[in-house]
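Numbering of ligands and ligand atoms starts at 1, following listing order. Numbers for residues simply follow the sequence, beginning at 1. These figures come from a predicted structure and were not determined experimentally.
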Amino acid sequence: RRPDGCGIIIFGASGDLVYRKLLPALYHLYARNLMPEKFYILGFARTDMTDDAFRERAREALVDAHEPDAPETVTKFLSKCMYVSGDYKDPAAYKRLQTKAATCDCDFSEKENKLFYLALPPQLHPSVVSRLSECGLTAEGENASPWARVVFEKPFGHDLNSALELDKHLSSMLDPSQIFRIDHYLGKETVQSILMLRFANIMFEPLWSQRYIDNIQITVAESVGVEHRGGYYESAGCLRDMFQNHMLQMLSLVTMEPPTRFEAEFVQAERVKLLRAIRPWSERTLKDNIVRGQYAAGTVHNEKAVGYHDEANIAKDSATETFVGMKLYIDNWRWQGVPIYMRSGKRLHMRESEVAVTFKRVPHSMFGFASQHEMPANILVMKIQPNEGVDLTIHTKQPGPKTCMASLSLSFKYEEVFGITPPDAYERLLLDCMLGDRTLFLSRKGVEAAWTIVDPILNFWRDHPDKAPLHSYEAGSWGPQASDDLLLRSGHQWRNPPDE
Ligand code: BG6
């Protein structure tokens with residue numbers, strides 16, 4: 001279904017996300033005939049830029065990274081893009097924005113649908129929403145026709161308190177139905193297919209509990225460093241950047257109860273329920289079950305990489321973590337006692353995100369192993385990116401006269417089966433937002449629940465740096481030794497994906 005006509009107004013339009021993700025996503029929707037018949041894209045940022053300069057930057061981004069095969073489609077798409085510069089706090093800038101929107105030749109009636117996308121740091125969210133609301137731009141018609149929706153890029157606040165403050169402010173100006181909090185991991189095809197795998201196949205769910213699962217590992221490894229985002233990353237760090245959102249959302253999809261229907265209300269409620277069941281930290285678990293690290297110089301993919309301290313816009317004595325590994329438990333019937341290991345970091349050995357579910361071993365060994373503990377386990381790996389797909393390790397008889405066992409992998413590769421690489425997460429999420437579907441967006445309670453898990457860790461690190469040392473790791477490794485030790489203490493080890 002194609003959405004109804006709308007104007008898309010992007011705040012922060014001189015920033016990297018817009019050229020790397022948002023404009024390419026909108027372009028791909030356009031090229032696949034999934035954009036509304038009538039639409040415009042209006043970029044807004046402080047940087048002075050003409051419409052033509054904005055289009056040129058957008059064209060470069062599209063052509064460089066995505067090599068579209070239809071230049072005339074790109075040109076048609078770009079003709080719908082415009083730009084206004086101004087200060088986010090200046091009411092006059094919003095008047096200019098309104099005037100500009102009115103000049104677009106998209107043949108709109110006065111009352112059009114509007115999607116505001118805030119690709120901005122959270123400190124600017126309240127002022128932008130206030131100005132929009134003062135100008136009447138966020139007002140909706142009867143029964144939300146026309147509609148006005150505001151998409152908020154993460155981070156949603158800096159900690160629990162600031163997130164609560166932000167929510168209070170936003171809800172004084174917007175109806176909850178107008179607020180779309182984006183976590184792009186939820187828009188990834190392979191993240192969504194976690195739910196499909198679990199709930200569209202009868203064979204996994206009966207085994208999906210502490211009875212048959214030994215441990216779960218979630219890894220989001222990046223081989224890149226902080227790139228040109230040093231300024232932001234310094235004040236965020238890996239825990240806020242990856243765990244408060246992507247990692248916990250993935251965890252909730254892997255472990256939540258089946259929602260009654262695949263609809264926003266039901267899915268969001270189950271995700272929140274799961275996050276609320278995560279065992280609260282104690283001083284001991286904060287100290288023993290969480291490892292933070294920071295990359296030092298090393299070699300990644302055969303190229304020398306500088307250490308975090310030598311990256312641009314990073315303080316020489318920075319104590320910001322670029323790696324976090326943790327072990328946690330979920331206190332409910334299904335997951336009692338199952339260790340969940342999660343790790344994410346920059347400048348790791350390779351880019352690889354996966355969820356690995358290791359099942360318990362068979363209860364009795366009859367094939368010559370001294371005990372069932374020596375039998376290899378079944379492992380289900382959901383490969384999120386790259387090389388998207390699913391691998392299931394099973395054991396079978398090695399051909400020959402002896403009773404020897406061989407482990408092999410039943411594997412499905414997304415690209416081989418479907419003949420395409422998965423579309424970018426932002427395509428799905430932008431389309432859903434235009435269609436008004438909130439299933440893959442975060443609820444206010446979901447964001448709060450995630451901060452409730454992360455906040456005590458941040459406080460502990462701030463108040464007890466001696467008990468939570470910042471471990472150094474070599475760029476190109478799998479993180480600090482302390483992260484391996486964390487699992488070894490429980491008789492486990494990280495499943496490091498093999499080099500391709
Ligand atoms: C972003 C983080 O949300 O996700 C980045 O701010 C990180 O630091 C990125 O690199 C990872 O996303 P993806 O889609 O490349 O795995």
Side-chain angles (χ1 to χ4, degrees), residues 12 15-22 24-25 28 61 65-66 117-122 151-158 180-194 218-251 253 292-295 300-301 305 308 311-314 318 320-324 342-355 382-388 414 421-430 440-442 446-447 450-451 454 475 479 497:
D16 171 64
L17 180 80
V18 177
Y19 301 94
R20 244 177 359 104
K21 295 287 183 186
L22 302 184
H28 285 131
H66 301 271
Y117 197 110
L118 271 54
L120 293 171
V151 183
F152 296 89
E153 253 305 325
K154 71 165 238 294
F156 314 104
H158 195 66
F180 285 69
R181 299 174 192 83
I182 208 165
D183 180 327
H184 78 280
Y185 264 61
L186 292 179
K188 287 186 190 278
E189 283 275 318
T190 42
V191 171
Q192 290 166 51
S193 71
I194 295 175
I218 302 180
T219 294
V220 176
E222 297 187 87
S223 55
V224 293
V226 284
E227 301 175 288
H228 41 271
R229 295 164 73 226
Y232 151 75
Y233 200 86
E234 264 292 78
S235 63
C238 180
L239 191 68
R240 287 190 182 91
D241 189 46
M242 296 299 289
F243 280 75
Q244 193 276 338
N245 32 71
H246 312 324
M247 300 295 284
L248 286 173
Q249 291 307 323
M250 277 205 287
L251 171 65
L253 296 182
R292 56 172 169 160
Q294 188 186 70
Y295 60 86
V300 185
H301 299 316
Y308 181 68
E311 301 273 19
N313 300 322
I314 303 296
S318 166
T320 299
E321 80 289 353
T322 61
F323 174 97
V324 176
M342 303 208 287
R343 65 175 167 173
S344 177
K346 297 217 180 266
R347 280 289 187 228
L348 294 181
H349 185 65
M350 64 204 289
R351 175 171 181 255
E352 186 76 52
S353 301
E354 62 168 46
V355 177
M382 293 168 257
K383 292 160 114 17
I384 307 298
Q385 66 188 23
N387 309 317
E388 294 81 359
Y414 191 99
T421 47
D424 190 78
Y426 280 94
E427 286 180 42
R428 168 69 192 262
L429 294 173
L430 283 162
L440 299 177
F441 289 82
L442 302 179
V447 172
W451 276 121
V454 162

Counting from 1, what ligand 1 atoms have a heavy atom of [X] closer than 4.0 Å?
{"X": "Asp241", "answer": "2 (C), 5 (C), 6 (O), 8 (O)"}
{"X": "Lys154", "answer": "1 (C), 2 (C), 3 (O), 6 (O)"}
{"X": "Lys188", "answer": "13 (P), 14 (O), 16 (O)"}
{"X": "Gln385", "answer": "13 (P), 16 (O)"}
{"X": "Glu222", "answer": "7 (C), 10 (O), 11 (C)"}
{"X": "His246", "answer": "1 (C), 3 (O), 4 (O)"}

Point to revise | Ring centers of His349, His301 separated by less than 6.0 Å | key: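 His349 vs His301: aromatic centres not under 6.0 Å.
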Review point. Can you tell me the protein heavy atom closest to atom 5 (C) of ligand 1 and the distance?
Key: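 Closest protein heavy atom to atom 5 (C) of ligand 1: Arg229 NH1, 3.3 Å.
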Check your understanding: At the 4.0 Å heavy-atom cut-off, does Tyr185 count as touching ligand 1?
Key ->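 Yes.
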Review point. What distance do Tyr185 atom OH and Ile384 atom CD1 have between them, rounded to the nearest 0.5 Å?
Key: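 So the OH of Tyr185 and the CD1 of Ile384 are separated by 8.5 Å.
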Check your understanding: Say you draw a straight line from CD of Glu354 to OG1 of Thr190; how long is it, rounded to the nearest 0.5 Å?
Key ->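 Interatomic distance, Glu354 CD to Thr190 OG1, rounded to 0.5 Å: 11.5 Å.
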Practice item. List the steps and the verdict of side-chain contact (heavy atoms from CB on, under 4.5 Å) for Arg347 and Glu222. Key: CA-CA 6 Å; Arg347 280 289 187 228; Glu222 297 187 87; over 6 Å; no
Point to revise | Nearest neighbour of atom 13 (P) of ligand 1 from the list His184, Glu227, Lys346, on a heavy-atom basis | key: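 Selected option, by shortest heavy-atom distance: His184.
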Practice item. For Tyr308, enumerate each residue passing the ring pair (Phe, Tyr, Trp, His ring centres under 6.0 Å) test, keeping only those at least two apart in sequence or located in another chain. Key: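 In terms of ring pair (Phe, Tyr, Trp, His ring centres under 6.0 Å), with neighbours along the sequence ignored, Tyr308 is linked to Tyr295.
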Check your understanding: Do you see a donor-acceptor pair shorter than 3.5 Å between the side chains of Thr219 and Arg343?
Key ->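 Side chains of Thr219 and Arg343: pair found under 3.5 Å.
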Check your understanding: Would Tyr233 and Glu311 count as having a side-chain donor-acceptor pair, cut-off 3.5 Å?
Key ->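 There is no such pair between these side chains.
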